[in-house]
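Only one structure is covered here, and it is reproduced in the block below.
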Number of protein chains: 2
Amino acid sequence: MKSIFQSIQDFSQEELNLLDDLITFRTLKKGELLLTEDQVCNEIVFIKKGILRSFFMNHKGDEITNCFAFENEFMASFASFITQEKATENIQALTDVELQILDRKALEKLYKSGFNWQETGRKLTELEFVNLHNRMVSFQKLSGAERYQELYQNHQKYLQLIPLQYLASYLGITPRHLSRIRKAVIHA
Amino acid sequence: MKSIFQSIQDFSQEELNLLDDLITFRTLKKGELLLTEDQVCNEIVFIKKGILRSFFMNHKGDEITNCFAFENEFMASFASFITQEKATENIQALTDVELQILDRKALEKLYKSGFNWQETGRKLTELEFVNLHNRMVSFQKLSGAERYQELYQNHQKYLQLIPLQYLASYLGITPRHLSRIRKAVIHA
DNA sequence: TCTTTTACTGGACAAATGTCCTGAAATCTT
DNA sequence: AAGATTTCAGGACATTTGTCCAGTAAAAGA
């Protein structure tokens with residue numbers, strides 16, 4: 001987590017020490033839930049090892065995967081963290097995971113401790129926004145098949161680790177349809 | 001614009017005066033473009049009067065409406081503004097519009113002038129993130145018909161002002177399909 | 001290792017959505 | 001106001017995508 005912050009801002013040793021004091025650690029076994037809907041999300045996690053996914057239910061009760069997060073990425077129900085309303089997503093470990101955790105109080109301490117943290121918070125939020133924007137554009141501009149291919153090209157190494165049913169709902173299609181797409185792509 | 005900032009933070013009179021000095025004004029006629037793709041977006045506008053939309057092209061050359069913005073809302077190609085890369089969207093006036101403008105330099109001055117602006121910038125970015133998140137969820141969770149109904153319930157007064165072709169691509173469907181949906185909804 | 005459970009593929013069919021098009025209505029232009 | 005242009009609804013048909021399902025493969029549990 002520290003290196004992400006350092007890549008955004010040139011922090012002093014004292015600032016980084018403060019961060020060290022505020023970070024806590026946690027591990028989860030494959031399948032465990034880090035957050036369930038109806039809880040308020042009060043922590044942002046940074047993945048040292050493993051994969052997380054967040055998902056919610058549609059009106060038919062199917063799980064819909066909202067996003068994945070991999071090593072060296074942050075994860076949270078950001079919407080809930082920001083609004084302090086109940087989350088509408090669950091966060092689950094897809095593998096055994098090792099996490100660093102920054103909770104709301106810790107983050108507020110950082111923000112209060114100085115300008116640099118405040119600015120870093122803004123910039124990270126901006127980057128999350130841009131990521132989400134790109135995902136939104138891919139939903140408006142591309143077909144399910146094209147979204148799959150884009151993902152395949154950019155994150156091939158991760159795809160093997162993700163059950164296809166999760167991938168399908170992440171792409172906005174059914175497993176049946178993803179199966180068709182994969183068959184077509186392999187032949188091409 | 002000022003009242004939005006005040007609703008987020010308790011600014012002093014001096015702080016607000018600085019803002020006043022930095023805001024500029026602009027009007028556009030219906031149909032005019034505020035930003036075209038391939039330009040870097042260097043300003044955030046606040047709509048005093050009128051409606052804007054942003055749109056991009058798909059691979060077939062159809063315009064796809066990415067978002068609308070109404071009175072008392074901000075608009076920009078935020079992704080371009082943040083990354084300082086070329087925008088992938090165009091921003092167009094759907095009606096005659098009156099705008100307040102905060103450009104990159106002005107915003108940086110605000111950020112440098114103090115903690116409060118820095119924090120407000122972060123919070124506004126957070127709110128934009130939450131909006132986008134909700135839109136993303138509606139794409140994953142709802143059908144085109146359901147998205148239309150949701151929009152109809154929340155923004156009925158604006159819908160009359162938006163050509164249906166723009167609305168259709170905003171909802172991720174074709175005009176033909178939107179026509180079917182509207183027929184079904186009216187009967188229900 | 002054996003058994004049980006879960007995940008994946010793909011057939012057959014159904015439903016949703018898109019394409020192409022035409023005539024009518026609304027809007028813009030002069 | 002008249003004509004030109006754009007927008008819209010909806011028919012007919014095509015394509016895409018979903019539903020349901022069964023057989024097989026893979027993974028988890030004992």
Side-chain angles (χ1 to χ4, degrees), chain A residues 28-32 50-51 53 55 57-65 68 92-97 138-149 151-152 158-188, chain B residues 28-32 50-51 53 55 57-65 68 92-96 138-152 158-188:
Chain A
L28 292 176
K29 290 284 177 199
K30 176 172 179 174
E32 279 191 272
I51 305 178
R53 71 157 183 147
F55 67 95
M57 306 291 175
N58 67 10
H59 45 63
K60 275 183 291 185
D62 304 325
E63 290 183 2
I64 300 193
T65 296
F68 299 103
Q92 183 185 38
L94 280 194
T95 64
D96 291 358
V97 290
S138 82
F139 261 76
Q140 286 200 271
K141 193 182 246 177
L142 305 179
S143 66
E146 290 165 327
R147 281 197 294 281
Y148 175 76
Q149 293 194 55
L151 196 65
Y152 185 81
Y158 289 131
L159 288 203
Q160 279 90 0
L161 304 170
I162 298 175
L164 292 176
Q165 42 173 339
Y166 298 161
L167 199 58
S169 67
Y170 175 76
L171 293 169
I173 59 181
T174 58
R176 177 68 189 89
H177 190 50
L178 178 57
S179 168
R180 271 190 283 245
I181 289 168
R182 283 161 53 87
K183 186 168 192 179
V185 168
I186 287 162
H187 295 164
Chain B
L28 291 176
K29 290 283 176 198
K30 176 174 180 172
E32 278 190 273
I51 305 177
R53 71 158 182 146
F55 66 95
M57 305 292 173
N58 68 7
H59 45 61
K60 277 182 289 185
D62 304 325
E63 290 184 1
I64 300 192
T65 296
F68 299 104
Q92 184 184 39
L94 280 194
T95 63
D96 292 357
S138 82
F139 260 76
Q140 285 199 273
K141 192 182 248 179
L142 305 179
S143 66
E146 290 165 326
R147 282 196 294 284
Y148 174 76
Q149 293 193 53
E150 187 183 65
L151 197 64
Y152 185 82
Y158 289 131
L159 287 202
Q160 278 90 0
L161 304 170
I162 299 174
L164 292 177
Q165 42 174 338
Y166 297 161
L167 199 58
S169 67
Y170 176 76
L171 293 170
I173 60 180
T174 58
R176 178 67 188 88
H177 190 50
L178 178 56
S179 168
R180 272 190 280 246
I181 289 168
R182 283 161 51 86
K183 186 169 192 178
V185 168
I186 288 162
H187 294 167

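Sequence lines set the chain letters: A, B, ... in the order given, protein chains first and strands last, and positions in each chain run from 1. When reading the values below, keep in mind they use all heavy atoms of this one structure, side chains included, and skip hydrogens, waters and symmetry mates.
Of the candidate nucleotides dT9(C), dT19(D), dA9(D), dT19(D) has the atom nearest to the side chain of T174(A).
Between G144(B) and I173(B) the shortest heavy-atom distance is CA-CG2, 4.1 Å. For I162(A) against L167(A), the heavy-atom pair with the smallest separation is CG2-N, 4.2 Å.
In this structure, the side chains of T95(A) and L161(A) stay at 4.5 Å or more apart for every pair of heavy atoms.
In this structure, CD1 of I181(A) is placed 18 Å from P of dT15(D), rounded to the nearest angstrom. Following rounding to the nearest Å, H177(A) (NE2) and dA15(C) (P) show an atom-to-atom distance of 19 Å. Rounded to an integer number of Å, the gap from Y148(A) OH to dT16(D) P is 19 Å. When rounded to the nearest whole Å, the span between CD1 of I173(B) and C1' of dA15(C) equals 16 Å. Straight-line distance from the CZ atom of R182(B) to the C1' atom of dA25(C): 13 Å, rounded to whole Å. Rounded to whole angstrom, the span from the CG atom of N58(A) across to the C1' atom of dG18(D) amounts to 13 Å. The distance between atom CG of L159(B) and atom P of dC8(D), rounded to the nearest whole Å, is 12 Å. The interatomic distance linking I162(B) (CD1) with dC8(D) (P) rounds to 11 Å, in whole Å.
Among residues two or more places apart in sequence or in another chain, the side-chain contact (heavy atoms from CB on, under 4.5 Å) test is passed with R147(A) by S138(A), F139(A), L142(A), L171(A). Legend: residues meeting side-chain contact (heavy atoms from CB on, under 4.5 Å) with S179(B), ordered by chain and number and at least two apart, are R176(B). D96(A) pairs by the side-chain contact (heavy atoms from CB on, under 4.5 Å) definition with K29(A), K30(A), not counting sequence neighbours. For the ring-ring contact (aromatic ring centres under 6.0 Å, His included) test, residues two or more places apart in sequence or in another chain that qualify with F68(A) are Y170(A). Partners of Y152(A) according to the side chain to side chain donor-acceptor pair (under 3.5 Å) rule, which considers only residues two or more places apart in sequence or in another chain, are Q156(A). For the salt bridge (charged side-chain N to carboxylate O under 4.0 Å, His left out) test, no residue two or more places apart in sequence or in another chain qualifies with E146(B).
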So which protein nitrogen or oxygen atoms get under 3.5 Å of nucleotides 20-26 of chain D's nitrogens or oxygens?
none

Give every pair of a protein N or O atom and an N or O atom of nucleotides 28-30 of chain C that lie under 3.5 Å apart, one pair per line with the distance.
unit_1	atom_1	unit_2	atom_2	d
dC28(C)	OP1	K30(B)	NZ	2.9

Report, one pair per line, the protein and nucleotides 4-7 of chain C atoms (nitrogen or oxygen only) whose separation is under 3.5 Å.
unit_1	atom_1	unit_2	atom_2	d
dA7(C)	OP1	Q165(A)	NE2	2.8

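Side chain of Q140(A) to backbone of T65(B): a donor-acceptor contact under 3.5 angstrom is found.
Distances shown here put a side-chain N or O of K183(B) below 4.0 Å from the OP1 or OP2 atom of dG10(D). Using a 4.0 Å cut-off, no side-chain N or O of R180(B) falls inside it from OP1 or OP2 of dG10(D).
The CD1 atom of I181(A) lies 7.0 Å from the OG atom of S143(A); values are rounded to the nearest 0.5 Å.
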Exercise. Test salt bridge (charged side-chain N to carboxylate O under 4.0 Å, His left out) on R53(B) and E63(B) and set out the steps.
Key: CA-CA 11 Å; R53(B) 71 158 182 146; E63(B) 290 184 1; 2.5 Å; yes

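Helix-axis bend for the helix from dT1(C)-dA30(D) to dT30(C)-dA1(D): the local axis fitted to the five terminal pairs at one end deviates from that at the other end by 70°, rounded to 10°.
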